[in-house]
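For reference, the structure is listed below as structure tokens.
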Amino acid sequence: MAARIKMTSLLPRNLSVVIRPLQYRDLDGVERITQESFAALTPKGANFAISQMQWLRRWYGLLKFLSWFPNPLQYRLCAYVAEQGRMLLGMIQVSPFNRTRSTWRIDRVLLEPSGDKQGIGSQLLRHCFESILEARTWLLEVNINDIEALALYRQNGFQRLAEMTYWEIEPELLVELAQAEPDLPNLLPVSNADAQLLYQLDTASMPPLVRQVFDRNTRDFKTSLFGVLMDAVKQWVTKTEVVSGYVFEPQRKAAIGYFQVQLDRKGEVPHVATLTVHPAYTWLYPELLSQLARIAQDFPQQGLQLASSDYQAEREEYLERIGAKRIEHTLIMSRSVWHKLRESKFVSLEGIQWTDMLQGLQPARKPIPGGMSWVQPPKSPSSDKPQPSKSEPINFSVKNTSMEASPIPESPDAQQEK
């Protein structure tokens, strides 16, 4: 009996953790882990997790079918689960961040609260790092108060990139902002022809390190016909409407401001806005927010949510001045593929000896500097052979019975001396 109890206690340790793609039978376990993790989530994160689970159950079959061949929605369901025996221990969901798929984003990581979070989470993360080879950089966003998640990501090579603050403007404040007349004479609608202007604005509005991690190009600001149709279907299903525009500067022929706002027709959730402003034109913040407030007046009265980063001091100062409320503070972290080299080798890069690594490219003998000539030098006794000086070149003679050396003709100056 004692031996049987001992074998039973050792069984979970002997079972290895298997990382595999998400299947439909895993949705019940994922929903269970999500519900158990609600205590560690913010209200915004909990509502988002519930809506994601409902959306995943509804569209799982279609998304799984679309993941089998190239299409714009191929990576909408790129998820893996960690399973030990028949027990689901965690799930990770990732997606491309840009069109070239050089940067990938970790959308969410769900772990069993009673299990080894650090160990299972690290296995899920490293499985994504090793299986998605086209990703040069990884990106994620985590709540700054989630200590366990921060420890997990730092342990796996993620470093701080930027801090994000999410704000909400109350409906009463939106009414006050809508009373001001925005001074935007060159406000234009957005189309694919403006992709280059929006790309230049996006490039100028962020620091070099963030720009390098995001790695966007003009294609990221264009919308395909399939994307337009999918956005129309999404807006019809979710009862939302998306309005966008940009401010054009005619003298410099550049875009200096851009906004996009998602408006809720049902009046159940706040409106969500995205702002991009050139650092040299920060006076646009009051004008753009007045424009957004005017647009929101045609919809049910809800708050307006928008984000600001730590390198946008003028935006945060303006939002504090008008009385916007902080609702969440997050941290954007990134991980480069160069961590793979550091993890696979226990020595530092400074200690690598290139002469030891490139054995096949080393010379057979020590080279002797000098010129090369096909002319046979005159024979002289070895004892009387003068030693060449440092300024005189050394002539090499090639002895080959199948090839005769032809004398090099003398120069005109030498013939005149004769």
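- A donor-acceptor contact under 3.5 angstrom links the side chains of Glu328 and Asn143, judged on distance only.
- Pairs engaging residues 234-253 under the salt bridge (Lys or Arg N to Asp or Glu O under 4.0 Å) rule: Glu241-Arg265 [sequence neighbours left out].
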Side-chain donor-acceptor contacts of residues 64-80 below 3.5 Å, not counting sequence neighbours, with atom names and distances?
residue	atom	partner	partner atom	Å
Lys64	NZ	Leu22	O	3.4
Ser67	OG	Lys64	O	2.6
Trp68	NE1	Lys64	O	3.4
Asn71	OD1	Leu73	N	2.8
Asn71	OD1	Gln74	N	3.0
Asn71	ND2	Leu66	O	2.5
Asn71	ND2	Phe69	O	2.5

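- A heavy-atom distance below 4.5 Å is found between the side chains of Glu320 and Arg326.
- Proximity of Leu125 to Ile106: side-chain heavy atoms (C-beta onward) are separated by under 4.5 Å at one or more points.
- Under the 6.0 Å distance and 45° angle rule, Arg335 counts as a cation-pi partner of Phe129.
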Assess the residue pair Asp215 and Arg136 against the criterion (salt bridge (Lys or Arg N to Asp or Glu O under 4.0 Å)); give the C-alpha distance rounded to whole Å, side-chain angles, the decisive distance to 0.1 Å, and a yes or no. CA-CA 10 Å; Asp215 195 21; Arg136 297 201 304 264; 3.1 Å; yes

Show me the donor-acceptor pairs, under 3.5 Å and distance only, between side chains in residues 168-182 and residues at least two apart or in other chains.
residue	atom	partner	partner atom	Å
Glu170	OE2	Lys325	NZ	3.4
Glu181	OE1	Arg294	NH2	2.9

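- Atom OG1 of Thr165 sits about 10.5 Å away from atom CD1 of Ile327, to the nearest 0.5 Å.
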Check step by step if ring-ring contact (aromatic ring centres under 6.0 Å, His included) holds for Tyr246 and Tyr258. CA-CA 4 Å; Tyr246 75 99; Tyr258 166 82; 7.9 Å; no

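- Leu331 is not listed as a side-chain neighbour of Leu161, based on a closest heavy-atom distance of 4.5 Å or more.
- The ring pair (Phe, Tyr, Trp, His ring centres under 6.0 Å) with Phe214 is formed by just one residue from the set Tyr199, Phe97, Trp104; it is Phe97.
- Considering CD of Glu317 and OG1 of Thr282, their distance stands at 9.0 Å, rounded to 0.5 Å.
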